[in-house]
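As the structure lists them, so they are numbered: ligands from 1, and atoms in each ligand from 1.
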Amino acid sequence: MHVPPVNRAGPLAAYRALLAAGALTADDSQGFAAERLQDLWTKLRGYDPPLRAPAFSLSRLLRLRPTEGAPEDHAGGLYLVGEVGRGKSMLMDLFFQHADVVRKRRIHFHAFMQEVHARIHAWKAANPDGADPIPPLADSIALEAALLCFDEFQVNDITDALLLGRLFTLLFDRGVVVVATSNTLPDNLFRGRPGRDAFLPFIALLKQRLDVLVLDGATDYRRRRLGGLQAWHVPANASAERALDAAFTAFANGAAAGPRTLRVMGRRFAVPLAAGCVARFDFAALCGQPLGPGDYLALATHFEALVLDGVPRLSPDNFDEARRFMTLIDALYEHRVKLVASADAAPDALYRSGEGAQAFERTSSRLAEMQSRKYLELAHLT
Ligand SMILES: Nc1ncnc2c1ncn2[C@@H]1O[C@H](COP(=O)(O)OP(=O)(O)OP(=O)(O)O)[C@@H](O)[C@H]1O
Ligand SMILES: [Mg+2]
């Protein structure tokens, strides 16, 4: 009997390897999604649709229509949908990491929309004749990526809703394949909002071009992993250190630990200890050195969780450390990074009085929120 060879590459094998290593728990709906992602992975091997000629170029005049590579219905990609913590982002990231496509891009949908608005704005400033900015925008996005992976796809306002319909039509025309994660089924996008009727063709387009996969497992893995997690430990003694060790291990999810280097604007930023999506620092190493917002931002986008040892009491006497700590917390908060720390005092008693105490109030309020179950269950914003 002929047994087809097992494909050792691709997201399915990677998913199975994580199961075998005990890093993931078996989950039928994830297994099914991993198979669909593998199918798409196979279709896309070496996918490199010919580039569409930019407007007014010679090849355009010669009527070059280089989009024959555009896939058929439902081959335009996948839409992974489900409740929080079901593993959508984890699976999409496995797919993205292994996708054998040279021009590929993974971006948080919110960041993508901000970029789209900025590019339209810049284009309009350079072309004040009132020409339509969407086709050249689609050209440039398609030029950068034949595979676009969007985390946390959602539509919040009518301007975006209408813009997306036109933009996605042109992107699909140009052969761009889309994989997205979302908490909302296409049919429920923008539901109950004024102007939704005008958005319906976009929903139809999404359903026509993307295979909708529902991850309907019963387990919220994020909640399960964080069950019983205590985020702030006072005082910073040996028992706090053990609790921080345990938090680090839980976040590491079986990944190997070691030092790591991030690149920040051409510089190197050394992370003394990291494993998977978690980093660990001593307060002195992270806030006692001349690091700036760019470094903290890099940390916040790279890591889903930060374990921080030994936050001291802060005052005008160590204001540089305090200021860096405030910048760090802002970056972590904005990217919903989970913070587990040991400290000499509770957040609202860390910086009691003196110059800077008032500025610290926002930090202590954020720190309080960052200990809440609700915050800990939010997805990381990359
Ligand atoms: N089968 C599994 N076993 C163990 N941990 C898992 C499993 N699936 C996912 N996880 C972990 O659970 C956490 C949540 O998963 P993930 O972020 O992918 O969820 P999500 O569906 O994208 O949630 P959200 O809708 O909030 O973005 C991640 O840390 C992930 O690594
Ligand atoms: Mg997610």
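- In this structure a side-chain-to-backbone donor-acceptor pair under 3.5 Å is missing from R105 to E144.
- Interface atoms of ligand 1 facing A379, defined by a heavy-atom separation under 4.0 Å, are 26 (O), 27 (O).
- Closest heavy-atom approach to atom 10 (N) of ligand 1 within the set Y15, Y221, F251: this belongs to Y221.
- At least one heavy atom of E304 lies less than 4.0 angstrom from ligand 1.
- Within ligand 1, counting atoms from 1 as listed, the ones closer than 4.0 Å to a heavy atom of N183 are 25 (O).
- Scanning K88, Q30, R86 for the heavy atom closest to atom 25 (O) of ligand 1 points to K88.
- Shortest contact from atom 28 (C) of ligand 1 to any protein heavy atom: R225 NH1, 3.9 Å.
- The environment of NE2 in H117 is crowded: more than 12 heavy-atom neighbours from other residues, nucleotides or ligands sit within 6.0 Å.
- The environment of D132 atom CG is dense: over 12 non-hydrogen atoms of other residues, nucleotides or ligands sit within 6.0 angstrom.
- N318 contributes a side-chain N or O that, together with a main-chain N or O of R313, makes up a donor-acceptor pair within less than 3.5 Å.
- Using a 4.0 Å cut-off between charged side-chain N and carboxylate O, R242 and D245 make no salt bridge.
- With ligand atoms numbered from 1 in the order given, ligand 1 contributes 31 (O) to contacts under 4.0 Å with heavy atoms of N253.
- By the 30° and 60° cut-offs, the orientation of the rings of F269 relative to F281 is parallel.
- Using a cut-off of 2.8 Å, one finds that M92 contributes no N/O/S atom close to the Mg ion (ligand 2).
- Using a 4.5 Å heavy-atom cutoff, the side chains of V340 and F248 are not in contact.
- Nearest protein heavy-atom neighbour of atom 23 (O) of ligand 1: G85 N, 2.8 Å.
- A salt bridge does not link D211 to R36: none of the charged side-chain nitrogens sits closer than 4.0 Å to a carboxylate oxygen.
- Taking the six-membered ring wherever Trp is involved, the centroid distance between the rings of F251 and F303 does not fall below 6.0 Å.
- In terms of protein heavy atoms, atom 1 (N) of ligand 1 is closest to T25 O, 2.8 Å.
- Summarising the contacts of atom 16 (P) of ligand 1 with G22, G217, G87, the nearest heavy atom is found in G87.
- Remark: minimum distance from atom 18 (O) of ligand 1 to any protein heavy atom is reached at M90 N, 2.8 Å.
- Each of the atoms 27 (O) of ligand 1 lies under 4.0 Å from some heavy atom of E152.
- Residue, atom and distance of the protein heavy atom nearest to atom 26 (O) of ligand 1 are R222 NH1, 2.9 Å.
- An N or O contact shorter than 3.5 Å is missing between D27 and ligand 1 by distance.
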Assess the residue pair D27 and Y221 against the criterion (side chain to side chain donor-acceptor pair (under 3.5 Å)); give the C-alpha distance rounded to whole Å, side-chain angles, the decisive distance to 0.1 Å, and a yes or no. CA-CA 11 Å; D27 177 309; Y221 291 102; 2.7 Å; yes
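- A 6.0 Å sphere centred on NE2 of H110 holds no more than 12 heavy atoms belonging to other residues, nucleotides or ligands.
- The shortest contact between atom 22 (O) of ligand 1 and any protein heavy atom is with S89 OG, 2.8 Å.
- The shortest separation from a heavy atom of T181 to ligand 1 is not under 4.0 Å, leaving the residue out of contact.
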